[in-house]
Colleague: 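I'd like to ask you about the structure that follows.
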Amino acid sequence: MGNPKGFLEVGRKNPGYRPAEERVKDYNEVETHLSEADLKKQASRCMDCGIPFCHGCGCPVSNVIPEWNDLVYKGFWKEALDILRSTNNFPEFTGRICPALCEASCTVGLNGDAVTIRQIELEIIEKGYKEGYIKPEPPAVRTGKRIAVIGSGPAGLAAADQLNKSGHSVTVFERDLNVGGLLRYGIPDFKLDKKVVQRRVDLMVAEGVTFETGVDVGTDLSAKYLTNRFDAICITTGAKAPRDLKTAGRELEGVHFAMEFLWQQNCRVCGQVFEGENITAKGKKVLVIGGGDTGSDCVGTSNRHGAKAVTQIEIMPEPPETRHPGTPWPLWPYQKRTSSSHKEGCTRMWNIATKSIEGENGKVKRVNAIKVEWELGPTGAPLKMKEIPGSEFVIEADLVLLAMGFTGPEQGGIISQLGLELDQRSNVKVNADWMTSKPGVFAAGDVASGASLVVRAIAAGRKMAENVDKYLGNNK
Amino acid sequence: MGISTLRSYRGAQIFEAVGLAKDFIDDYFTGTASRINGIGVAEVAREAEMRYKRAYAPAPGVPHLLDAGGQYHFRLGEEKHLWTPETITKLQFATRNNDMKMYKEYAKYINEQAEHLCTLRGLFKFKKAAQPVPIEEVEPASEIMKHFVTGAMSFGSISKEAHETIAIAMNRIGGMSNSGEGGEDPERYIRLPNGDSKCSAVKQIASGRFGVTSEYLASARELQIKIAQGAKPGEGGQLPGHKVDKFVAKVRHSTPGVTLISPPPHHDIYSIEDLAQLIYDLKCSNTDARISVKLVSEVGVGTVAAGVSKGHADMVLISGHDGGTGASPLTSIKHAGLPWELGLAETQQTLVLNYLRDRIRVQADGQMKTGRDIVIGALLGAEEFGFGTTTLVVLGCVMMRKCHSNTCPVGVATQDPELRKRFAGQPEHLINFFRMIAEEAREIMAELGIRKFDDLVGRSDLLEMNKAIDFWKARNLDFSAVFKRPDNPNLPVRRTKAQDHGIDKAYDTVNILPKVQDAIENKKKVTLELPIHNVDRTVGTITSYHVAKKYGNAGLPEDTLTIKFKGSAGQSFGAFLSHGMTFELEGESNDYLGKGLSGGKIIVRPPVNASYNPSENIIVGNVLLYGATDGKIFIYGRAGERFAIRNSGVTAVVEGLGDHGCE
Ligand SMILES: Cc1cc2nc3c(=O)[nH]c(=O)nc-3n(C[C@H](O)[C@H](O)[C@H](O)COP(=O)(O)OP(=O)(O)OC[C@H]3O[C@@H](n4cnc5c(N)ncnc54)[C@H](O)[C@@H]3O)c2cc1C
Ligand code: SF4
Ligand code: SF4
């Protein structure tokens with residue numbers, strides 16, 4: 001800790017976004033970067049806590065934040081990078097799109113604004129690329145063990161990276177044409193530029209990881225094929241089954257799952273051709289149902305398409321502007337989150353339930369909605385909902401995007417072929433060693449936890465890899 | 001230890017090994033104390049080999065980094081600590097919301113250490129009782145809470161807000177809070193309109209003697225002599241200058257911005273007899289308070305405790321090594337002091353065997369965190385329990401370990417006015433905490449079949465080692481010496497009677513008090529002439545207590561009570577003498593004259609017929625005016641060594657001094 005009073009003397013500085021008018025015209029990243037001088041100052045705000053809650057409680061990959069904060073403050077970027085890489089395989093992803101759980105539990109945030117941890121993380125890794133500190137480092141020896149990783153999202157990539165570095169020969173199978181899972185096909189470019197994903201994939205290829213894309217395991221390849229040829233199998237296929245809206249008019253043209261819409265746009269941005277009807281928001285009145293992050297990505301994408309108006313509705317009540325007392329520090333706060341996409345223009349409404357969708361000539365025209373009321377629990381968490389009689393109203397819409405979350409992994413396919421046991425929430429069940437009910441088959445990421453976060457997927461991928469390594473007898 | 005110079009460590013064998021096997025010690029550390037057996041050469045070799053293997057088999061791919069270690073700063077996967085983000089969060093949540101369920105989660109992590117062994121008691125287990133009792137029959141929590149005190153955390157090291165909150169909470173539950181060694185603002189002795197009191201029940205007397213005035217002493221229910229601190233035995237203390245703001249300086253009778261040092265030894269204690277003298281002095285300075293002595297868990301502490309009991313202390317505190325670490329030097333946090341389990345067991349055994357236990361209470365402290373901790377403490381022989389760090393955590397401390405730099409972000413251990421505003425602790429949080437601890441203790445008592453807390457004391461036969469914890473380095477530990485009870489079952493194992501301090505026979509009680517009521521009650525001038533002999537110790541102090549109790553430090557108007565003594569005064573003549581009291585001594589005086597002088601006036605001159613030249617002869621002993629805060633002293637003659645050490649306000653006129661004067 002360079003400056004014991006840093007947190008008192010220096011205020012938090014966020015890099016901010018490019019101006020809204022400018023950024024909605026393109027798909028480039030919206031967030032700007034802090035200057036090196038600013039970053040050092042920001043790093044000086046870290047108090048080097050005796051118990052760093054950021055590291056011990058916030059960050060799922062347990063980044064050793066105080067140490068790299070100090071090194072950045074002193075200008076030792078390479079050393080900071082070494083420490084960062086020891087816990088996080090992909091800081092360039094989390095540095096961009098992590099909700100920064102660390103900052104929610106940062107001790108400075110207890111009575112002020114948390115340290116800008118995510119920004120510092122991002123610049124450490126970006127500087128690493130720029131200065132050439134990051135270069136392919138293939139393992140010196142190969143163990144001769146073969147591992148199949150199914151699914152190339154962050155969980156699969158982290159596991160592949162770890163296992164490859166341990167000297168195992170890793171093949172990653174991916175159903176889509178490009179590698180990255182939701183990093184590539186879910187999260188829009190304006191949050192995470194796909195060049196950043198590709199840069200990492202190229203590095204992993206150079207280090208010896210094999211990627212086989214366009215292969216749907218379970219359909220194109222059988223489970224038996226894999227079990228015969230590989231010493232261990234890692235399932236990291238995500239939790240892609242979307243929650244559906246079971247209501248009249250669901251079948252109308254212009255009603256889509258958010259992921260269909262986002263997937264297409266991500267294909268367009270990276271020049272991937274796809275079949276099927278083009279979903280566009282251009283000139284349309286867009287209604288996004290679901291107030292979460294996926295919904296917010298739909299808002300941003302719709303505005304970039306040139307939508308006439310964008311509305312986002314949420315069935316839950318509006319969260320408070322600041323941390324709800326029911327989720328005190330260092331917990332992840334229940335509070336309202338306003339994304340860069342929201343600031344680009346959209347109407348947000350809470351306490352709204354959808355009654356039915358109506359259309360003309362098979363095309364969606366409007367949504368019938370109703371206001372609801374929530375009974376709150378002692379900690380302020382919404383418990384029970386009831387519709388307010390007579391509060392029905394109509395929202396005009398010619399594109400309806402369903403962003404109501406995910407129910408879990410897609411059922412059938414490889415999971416049932418391998419006969420894997422599921423938990424009550426229909427996720428693949430794993431034991432303390434991250435192994436599924438079938439010996440030698442491991443699982444991690446959204447497929448085992450339900451839809452979550454990139455950083456959690458990375459953390460899970462790493463832990464699974466450690467156990468695969470042990471299983472293969474590489475027990476050090 | 002009280003070791004002040006590096007050289008004293010050489011060959012002193014002051015170290016104790018914890019967890020090393022006897023034959024191993026005999027071979028390699030001959031003569032070193034080691035009480036619970038433990039690992040030998042084979043285990044040491046195995047550990048060295050493990051380290052070697054790890055060093056040469058780096059984790060995949062990542063840069064080859066040295067482990068962070070996590071000794072002082074928590075790091076996941078490294079050195080284990082009981083304070084983790086999880087336990088801190090749970091404890092704070094539980095105490096703020098009075099949530100017993102959450103408290104239990106917290107306590108479970110602390111109590112069940114199979115996965116993260118941190119303490120000796122983590123390896124203990126309660127024996128199954130033949131006859132458990134229904135919990136309703138166990139003493140209520142409110143009774144158990146009276147056995148609780150908070151640790152000596154000085155105002156100065158922690159903020160005014162934190163210090164006062166602790167005092168209010170403890171006064172509400174009938175426990176005691178401790179002033180620490182920083183003095184106390186007399187404002188706090190006045191009860192608040194709602195009935196609360198910010199007055200610390202325990203007033204500490206440490207080697208720095210900061211702010212130890214007659215009023216300070218008179219306001220206490222307990223006076224505690226701090227011989228050492230568990231986390232840094234023998235080291236004394238230091239309050240960095242930047243934490244000494246105007247207010248702290250005022251309360252401590254010092255200068256703002258100047259670093260304050262409490263030396264390792266007390267300048268008036270060089271032997272156990274000196275300690276007995278100080279105990280007597282303090283008892284006289286407040287005859288209604290009990291006197292306690294704070295010792296540190298270390299081998300041989302039992303012998304010291306026996307001396308303390310013989311020296312008429314009412315309570316002895318055995319302080320464990322892991323108490324109060326925030327501001328301690330890094331080396332001491334890890335490498336000094338011993339677990340209280342060892343010191344407490346030794347103290348109990350020694351006191352019981354020597355028929356000294358029935359007249360002294362025993363207290364233990366050092367990272368007491370749960371009800372299980374205090375039950376184990378009681379079984380090993382303690383009646384009372386001190387909570388230090390845990391108290392602060394309840395009040396918002398998040399273990400920043402920034403206590404020494406004045407930048408505590410939660411306003412607990414800082415004097416920075418901006419940071420102090422952030423203090424969010426409330427007395428209720430602490431009260432909730434203590435109630436939950438007591439409730440947990442009650443549950444254990446019910447299982448043990450014991451209804452009254454007092455009946456737990458000294459029942460170490462109810463403890464055994466938890467063999468289910470199969471940690472390779474713990475396998476050879478043997479706690480039988482810790483759990484041992486004296487064979488004679490009729491020996492008292494807890495305090496059953498009071499110490500005889502001899503107050504009714506004291507010089508003041510017999511010769512002064514009956515004659516000065518008019519002076520004390522009505523501020524009428526009274527002059528006495530009295531003979532004095534060198535067996536008359538601590539003369540004037542009981543009288544000062546009565547003055548201070550009534551008038552505080554302001555005392556009486558100048559020269560209200562004048563006593564002319566003739567003869568040879570014993571030790572501690574005029575100790576803590578209050579304002580308005582004037583002692584004229586014709587003759588000579590022993591050591592400690594004017595100790596802690598608090599506004600009084602002392603004049604010493606040789607007998608008129610003395611044949612010697614006073615300017616060449618010592619007529620008063622050593623260690624005069626130690627820790628004096630106010631008053632005047634005139635000596636027609638020379639004084640001995642260590643004259644007026646830690647003087648903060650007395651004007652003294654003397655003809656000459658021995659070594660170390662005015663340090
Ligand atoms: C729109 C959207 C935005 C998000 N934004 C953020 C954000 O900003 N920050 C954040 O931290 N998290 C965000 N998330 C969550 C995050 O993306 C996921 O938690 C994370 O990607 C999960 O990683 P994963 O590796 O478990 O699964 P996925 O990323 O879902 O990867 C699974 C991969 O497996 C492939 N696959 C599935 N079945 C098969 C098969 N049978 N054969 C071969 N391949 C198969 C899939 O095609 C996919 O590529 C967002 C999620 C969505 C939907
Ligand atoms: S990965 Fe996320 S939680 Fe961890 S340090 Fe980076 S931003 Fe914080
Ligand atoms: S919690 Fe905040 S202040 Fe503390 S070490 Fe982490 S980043 Fe630094």
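To find a chain, count down the sequence lines: A is the first, B the second, and so on, and within it residues start at 1.
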Colleague: Using non-hydrogen atoms only, which part of B:Asp416 is less than 4.5 Å away from chain A: side chain, backbone, both, or neither?
Modeller: side chain

Colleague: With no hydrogens and no angle check, is any side-chain donor or acceptor of B:His73 less than 3.5 Å from a backbone partner on A:Pro52?
Modeller: no

Colleague: What pairs with B:Lys104 under salt bridge (charged side-chain N to carboxylate O under 4.0 Å, His left out), at least two apart in sequence or on another chain?
Modeller: B:Glu443

Colleague: Examine whether an atom of A:Leu163 lies under 4.5 Å from a heavy atom of chain B, and if so say whether it belongs to the side chain, the backbone or both; otherwise answer neither.
Modeller: neither

Colleague: Heavy-atom count check: over 12 atoms from other residues, nucleotides or ligands less than 6.0 Å from A:Phe76 CZ?
Modeller: no

Colleague: If you count heavy-atom pairs under 4.5 Å between each of A:Leu331, A:Leu8, A:Leu110 and chain B, which one has the most?
Modeller: A:Leu8

Colleague: Does A:Lys41 NZ have over 12 foreign heavy atoms under 6.0 Å away?
Modeller: no

Colleague: Any non-hydrogen side-chain atom of A:Asn111 less than 4.5 Å from a side-chain atom of B:Val410?
Modeller: yes

Colleague: Evaluate the side-chain proximity of A:Met47 to B:Pro409: yes if any heavy-atom separation is below 4.5 Å, no if none is.
Modeller: yes

Colleague: Taking all non-hydrogen atoms of both residues, which atom of B:Arg401 and which atom of A:Gly50 are closest, and how far apart?
Modeller: CG-CA, 3.9 Å

Colleague: When only heavy atoms count and the cut-off is under 4.5 Å, which of residues 417-436 of chain B reach chain A?
Modeller: B:Leu419, B:Arg422

Colleague: Would you say that B:Ile88 contacts A:Phe53 through its side chain, given a criterion of any heavy-atom pair below 4.5 Å between the two side chains?
Modeller: yes

Colleague: Looking at B:Lys402 and A:Pro4, would you say the former's side chain and the latter's main chain have a donor-acceptor pair under 3.5 Å?
Modeller: no

Colleague: How long is the straight-line distance from CG of A:Asp48 back to OH of B:Tyr72, given to the nearest 0.5 Å?
Modeller: 14.0 Å

Colleague: Pick one of side chain, backbone, both or neither for A:Pro139, based on which atoms fall under 4.5 Å of a heavy atom in chain B.
Modeller: neither

Colleague: Taking atom CZ of B:Arg75 and atom CD of A:Glu67, what is their separation to the nearest 0.5 Å?
Modeller: 4.0 Å

Colleague: Kindly compute the distance separating OG1 (A:Thr87) from CG (B:Leu76), expressed to the nearest 0.5 Å.
Modeller: 10.5 Å

Colleague: Give me the atom names and distance for the closest heavy-atom approach of B:Pro85 to A:Cys57.
Modeller: CB-CB, 3.5 Å

